[in-house]
Amino acid sequence: MADVTKEEVLAVLAKVRGPDLEGDIVSRGMVSDVFISDNKVYFSITVPAARANELEPLRVAAERTVKAMPGVKGALVTLTADRKAGSAAPPRPQPAAPAAHSHSHSHGHAHAHGHSHPPQGQQPGQQPTQPQQREKPGVPGVGAIIAVASGKGGVGKSTTAVNLALGLQANGLRVGILDADIYGPSVPRLLKITGRPQQIENRIIKPMENYGLKAMSMGFLVDEETAMIWRGPMVQSALLQMLREVAWGDLDVLVVDMPPGTGDVQLTMAQQVPLAGAVIVSTPQDLALLDARKGIAMFRKVEVPLLGIVENMSYFLAPDTGKRYDIFGHGGARSEAERIGVPFLGEVPLTIDIRERSDAGTPVVASDPEGASAKIYREIAARVWAELGGLTPRPAPAIVFE
């Protein structure tokens, strides 16, 4: 049986009436780009945020219509809320899943459906007798891929990731950065990049660039005000496309800014990407460290090497007197690193300069390369690179939740 095509799906969806029975969802520009993998269809429908609950039957109707198509193995449809869309006017079209990547054939991407289910014949909590040794495909031209993660939000992880990437570059390496936070992308603002990426041959996307860093983010593909309410499989599809279907060129390091926590994105990266290692960002206080431990435990469980811990907002330097204040306590992350036998990569102070330059999209390593803060990031970058020495990508683990 022939593969289902995007055009066939859109033709069927054109029969689904829009809200208030006005037009259809395709002609009104409500359907995101359709993604098809292994004859499973993924797309979202953009609706006004205030009407999301009311329009759930519309989502169900669209999903049922596509599932009924010959050759379709399954369909996953979500509502994406556009805050800017008015209830009276048709919502604006939204690029949603990377617009240039809507292949109508199977990509060969292994979507991480049902991570919590053990392999067939294995009981929950039972270790597999033959661990999977499935090789994870790398990214052509990219040397080491490292994840920058945190157990919780608000610890300055994205600022750390961007300045770490710039620090690696300042130390003479070729570096790119992937913003893997689908729901709250920060890299476009931190690097002061606007506009949409260009599509080149074979539907590959050319990454955006500033300060010499090649960058890709969902923030380049959807409007900043759009609320992303995708479910796991769509997030995983978009993430793997941004990773593998982008013309990164030759890079020594690709830094991945992970979303906070331990969810779908983290598991997708750990299972399907040859991560060379992970950097954990935490603040000094006990509460943040408790969350950081969850991230550390997750990476250990999926056999991703821990390159070390960064203590961010380690202390406050008063801009007028230069006096140091330990607002959040001090040394907690260093002590935690020593306790669990993980390298301590360094302390980044809480300074108004770092905050202001980050908000302005002029990261401190790029805009004040000779300053004290930039020196700290370069030293952390040097330690990360040293930790990478001798590490090799590992086969994908069989993940079993006990």
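The model shown is predicted, which means the values in this text are computed figures rather than measured ones.
- For the pair Ala238 and Met218, the tightest heavy-atom approach, listed with the atom from each and the gap, is CB-CE, 3.6 Å.
- Within the 4.5 Å cutoff, side-chain heavy atoms of Leu254 are placed close to those of Leu243.
- Of the inter-residue distances, the one linking Ile376 atom CD1 with Ile354 atom CD1 reads 7.0 Å to the nearest 0.5 angstrom.
- In this structure, Thr362 contributes its side chain and Ser367 its backbone to no donor-acceptor pair below 3.5 Å.
- Taking all atoms of both residues into account, the shortest heavy-atom contact from Asn39 to Gly71 is CB-O, 3.4 Å.
- Among all heavy-atom pairs drawn from Tyr211 and Gln169, the shortest one is O-NE2, 2.8 Å.
- Checked by atom type and distance alone, the side chain of Asp24 pairs as donor or acceptor with a backbone atom of Val26 at under 3.5 Å.
- Contact of the Ile205 side chain with the Glu245 side chain is not registered, since no non-hydrogen atoms from C-beta on lie closer than 4.5 Å.
- Between Val348 and Ser314, every side-chain heavy-atom pair lies at or beyond the 4.5 Å cut-off.
- Under the 4.5 Å side-chain criterion, counting only non-hydrogen atoms from C-beta, Lys67 is not in contact with Arg64.
- Listed for the Asp252 side chain is a donor-acceptor partner under 3.5 Å among the backbone atoms of Arg174.
- For the side chain to side chain contact (heavy atoms under 4.5 Å, CB included) with Tyr377, the lone residue among Thr159, Leu168, Leu164 that qualifies is Thr159.
- Residues Thr351 and Ser373 form a side-chain contact, since some pair of their non-hydrogen atoms from C-beta on lies under 4.5 Å apart.
- With hydrogens and angles disregarded, a donor-acceptor distance shorter than 3.5 Å links the side chain of Lys157 to the backbone of Met258.
- Nearest heavy-atom pair, Asn171 versus Ala381, reported as atom, atom and distance to 0.1 Å: ND2-CB, 3.8 Å.
- Interatomic distance, Leu191 CG to Leu166 CG, rounded to the nearest 0.5 Å: 6.5 Å.
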Evaluate Val187 against Met216 for side chain to side chain contact (heavy atoms under 4.5 Å, CB included), listing each step before the verdict.
CA-CA 8 Å; Val187 165; Met216 180 49 63; over 6 Å; no
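- The structure places CE of Met208 at 6.5 Å from OG1 of Thr194, a figure rounded to the nearest 0.5 Å.
- Judged by distance alone, the side chain of Arg196 and the main-chain N or O of Phe220 form a donor-acceptor pair under 3.5 Å.
- Asn312 places a side-chain N or O within 3.5 Å of a backbone atom of Val155 that can act as its donor or acceptor partner.
- Gly156 approaches Met313 most closely through the heavy-atom pair N-CE, 3.9 Å.
- Distance check: Asp368 CG to Arg357 CZ gives 4.5 Å after rounding to the nearest 0.5 Å.
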What's the verdict on side chain to side chain contact (heavy atoms under 4.5 Å, CB included) for Thr5 and Ile36, showing C-alpha distance, side-chain angles and the deciding distance?
CA-CA 8 Å; Thr5 67; Ile36 302 172; 5.5 Å; no
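- Side-chain atoms of Arg324 do not come within 3.5 Å of backbone N or O of Pro349 as any donor-acceptor pair.
- Interatomic distance, Ile25 CD1 to Leu10 CG, rounded to the nearest 0.5 Å: 9.0 Å.
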Dump the intermediate steps for salt bridge (charged side-chain N to carboxylate O under 4.0 Å, His left out) on Glu311 and Arg334, then the final yes or no.
CA-CA 7 Å; Glu311 183 171 277; Arg334 181 190 292 272; over 6 Å; no
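- When side chains are defined from C-beta on, Phe43 counts as touching Val66, because their heavy atoms get closer than 4.5 Å.
- Annotation: side chain of Val60 is not in contact with side chain of Glu63 (no heavy-atom distance under 4.5 Å).
- Other residues, nucleotides and ligands contribute only 12 or fewer heavy atoms inside 6.0 Å of the CD atom of Gln198.
- Between Val47 and Met30, the closest heavy-atom pair is CG1-CE, 3.9 Å.
- For the atom pair OG of Ser150 and CG of Asp257, the computed distance is 8.5 Å after rounding to the nearest 0.5 Å.
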Do Ile280 and Phe299 pass the side chain to side chain contact (heavy atoms under 4.5 Å, CB included) test, and can you show the C-alpha distance, the side-chain angles, and the key distance before you say yes or no?
CA-CA 10 Å; Ile280 302 292; Phe299 283 115; 3.9 Å; yes
Side chain to side chain contact (heavy atoms under 4.5 Å, CB included) assessment of Met69 paired with Val4
CA-CA 9 Å; Met69 293 178 63; Val4 179; 4.0 Å; yes
